[in-house]
Structures are given as C-alpha cells and as structure tokens.
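All residue numbers in this chain count up from 1 along the given sequence.
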Amino acid sequence: MRILKWVLGIVVSFGIVIVLGGFLLPREIQVARSVQIDAQPADVFPHVNSLKATEAWSPWMGRDPNVQTTYSGPEDGVGAKLEWASDHPQVGNGSQAIMTSIENERVETVLDFGEMGIAKAAFILTEKSGATEVTWTLDTDMGANPVGRWMGLMMDKWVGADYEAGLTNLKNLIEN
C-alpha cells in the first residue's frame, strides 16, 4: 500500500509539473523559413499573391489528390479566398484569405483551421543582389491551454519542414 501511495504521489506531482510548466511556455508561436530565388521580386510575387497559383508549389495540396478546393473573391490580391476540405490528416479542412498585398514586397493571409484555431501567414519578398529572398512566416496564438502550449514547442519542426519543402518547390518552379 505504501508503494502505491508513493507511485500515485509521483504521478500526481508529474501531472502538476506538466500543467504548470505548460503555463510558463510561450503562448505566441512563430515559424519562419527563407529561400533565395534567382529572379526579381516582380517574377516571384504572382506566385504568392494568388491562392490558385500556390497550388503549383504547395507542400500540402499534393498529399491528397481528392482535396476539395473552392475559390472566391478576386483572382489575386486582397480578398482572394481559398477553402479546402480533405480527409487526409496532414491536409484537413480550412480556409485562407489574403488580407494584405503590397506589390513585389509582401502578402499577408489569415488561415482558419476551424477548431484548431486561426493563424496568420506572410510572404516577405526582399531583393538581394539581383535575386529575391522569400521569407514565409506563420504566427499563431496557442491559447491558454497548457497542452496547446506544449504542442507549440513542436510547431517549428512540424510546419517548418513543410515550409522548407514549399519554398523549394517555389524556387524550382520559378527558376526552371
């Protein structure tokens, strides 16, 4: 009986540390990846300013050939919107809309993942020695849930790998 109480005490203590530790973790998470593309910003911009154009290099759309996509609003720029639905766990359901578009410099979007929350993403184009550095960012609030904050520690690894793949696809598409 004494050993059972000791084990129970350790389990409860561990649980308390996990929960309290979660509250100490950052609530706001940012993921960012960059690539240099041998092209001018004017040649890169159309590929990030149109949600339809992103299909050609997206790291997610190719994972489910049956993904259902619906576009609304203008073809590109502010107000362009994409909604998608997929049974594939790495694609899921959601929507993305362009909120800010500064020609050849920046595109900002808002992503709505339903129950998983809302995030903001941006493409920042910077001319460097005749090429364009493209930085793709994701900013999200993991909320007050300590479990969500622990998951936030993995966001850079999870999303970062996809961002790297997408930027490589974008680079290959534009340079070839």
Side-chain angles (χ1 to χ4, degrees), residues 25-64 67 69 71 73-84 86 88-114 116-143 148-176:
L25 294 172
R27 180 179 178 135
E28 300 287 328
I29 301 297
Q30 183 180 63
V31 177
R33 295 293 189 275
S34 297
V35 70
Q36 188 159 321
I37 299 176
D38 291 328
Q40 293 295 310
D43 297 323
V44 176
F45 185 73
H47 297 277
V48 298
N49 192 46
S50 166
L51 297 174
K52 283 185 182 179
T54 62
E55 277 192 43
W57 57 269
S58 168
W60 298 289
M61 291 301 183
R63 291 185 181 154
D64 181 3
V67 64
T69 57
Y71 294 94
E75 183 78 20
D76 56 22
V78 175
K81 185 174 182 179
L82 161 65
E83 295 178 71
W84 71 90
S86 171
H88 193 289
Q90 291 180 335
V91 179
N93 304 315
S95 66
Q96 182 174 21
I98 296 178
M99 307 305 286
T100 303
S101 177
I102 302 170
E103 188 172 8
N104 303 329
E105 291 180 21
R106 178 182 204 92
V107 174
E108 297 176 2
T109 68
V110 63
L111 293 140
D112 185 345
F113 297 107
M116 292 176 53
I118 293 176
K120 294 179 181 176
F123 296 98
I124 303 156
L125 309 180
T126 308
E127 186 172 356
K128 291 193 174 188
S129 304
T132 303
E133 179 180 73
V134 180
T135 302
W136 189 4
T137 66
L138 176 78
D139 293 287
T140 189
D141 182 345
M142 299 308 290
R149 290 187 184 191
W150 281 106
M151 289 181 67
L153 293 176
M154 299 301 296
M155 288 293 285
D156 190 74
K157 181 178 180 183
W158 292 335
V159 176
D162 287 338
Y163 272 26
E164 289 170 10
L167 289 171
T168 298
N169 293 344
L170 178 62
K171 178 180 175 74
N172 291 336
L173 177 71
I174 293 171
E175 290 181 356
N176 294 326

In the structure I gave you, are the side-chain heavy atoms of I37 and E175 within less than 4.5 Å of one another anywhere? yes

Rounded distance [0.5 Å steps], OG1 in T168 versus CG in L173: 12.5 Å

Atom CD in E133, atom CG in L167: separation rounded to 0.5 Å? 10.0 Å

Determine, step by step, whether K81 and Y71 satisfy the side chain to side chain contact (heavy atoms under 4.5 Å, CB included) criterion, reporting the C-alpha distance in whole Å, the side-chain angles of both residues, the deciding distance to 0.1 Å, and the verdict. CA-CA 6 Å; K81 185 174 182 179; Y71 294 94; over 6 Å; no

Value for CG (L51) from CD (E75), rounded to nearest 0.5 Å, stands at 9.5 Å

Spatial distance of atom CG (L125) from atom CD (Q40) [nearest 0.5 Å]: 11.5 Å

Candidate pair W60 and V67, rule side chain to side chain contact (heavy atoms under 4.5 Å, CB included), full reasoning: CA-CA 10 Å; W60 298 289; V67 64; over 6 Å; no

What pairs with F123 under ring-ring contact (aromatic ring centres under 6.0 Å, His included), at least two apart in sequence or on another chain? W57, W136

Without hydrogens or angle criteria, can the side chains of D112 and S95 be said to hold a donor-acceptor pair below 3.5 Å? no

Given the rule in the side chain to side chain contact (heavy atoms under 4.5 Å, CB included) test, do T100 and V107 qualify, once you have shown the distances and angles that lead to the verdict? CA-CA 6 Å; T100 303; V107 174; over 6 Å; no

To the nearest 0.5 Å, how far apart are CG in N169 and OG in S58? 8.5 Å

Heavy-atom closest contact (A131 atom, D38 atom, distance): CB-OD1, 3.9 Å

So which heavy atom on P59 is nearest to which on A165, and how close? CB-CB, 4.3 Å

I'd like to know whether CE of M99 has more than 12 heavy-atom contacts from other residues, nucleotides or ligands below 6.0 angstrom. no

Under the side-chain hydrogen bond (donor to acceptor under 3.5 Å, both in side chains) criterion, do T109 and Q96 qualify, and how do the steps go? CA-CA 6 Å; T109 68; Q96 182 174 21; 2.9 Å; yes

Can you name the closest pair of heavy atoms from W84 and G92 and give their distance? CD1-O, 3.0 Å

Hey, which of D156, T137, L138 is the one that makes side-chain contact (heavy atoms from CB on, under 4.5 Å) with R33? D156

So which atom in V44 and which in A39 form the shortest heavy-atom distance, rounded to 0.1 Å? CG2-CB, 4.2 Å

What are the two closest non-hydrogen atoms of H47 and T54, and how far apart are they? O-CG2, 3.7 Å

Under a 4.0 Å N-O cut-off, is there an ion pair linking R63 with D162? yes

Nearest non-hydrogen partners of S50 and I98, listed with the distance: N-CD1, 4.4 Å

Hey, are E127 and T132 close enough side-chain-wise for a donor-acceptor pair under 3.5 Å? no

Spatial distance of atom CD1 (I174) from atom CG (D43) [nearest 0.5 Å]: 7.5 Å

Got N49 and R106 here, is their nearest side-chain heavy-atom distance under 4.5 Å? no

Is the closest side-chain heavy-atom distance between T69 and M61 below 4.5 Å? yes

With side chain to side chain contact (heavy atoms under 4.5 Å, CB included) as the criterion, how do T126 and T135 come out once you've worked through the C-alpha distance, each side chain's angles and the decisive distance to 0.1 Å? CA-CA 8 Å; T126 308; T135 302; 5.7 Å; no

Between K120 and D141, does any side-chain N to carboxylate O distance fall below 4.0 Å? no

Where do S86 and D64 land on the side-chain hydrogen bond (donor to acceptor under 3.5 Å, both in side chains) test, with the steps shown first? CA-CA 7 Å; S86 171; D64 181 3; 2.4 Å; yes

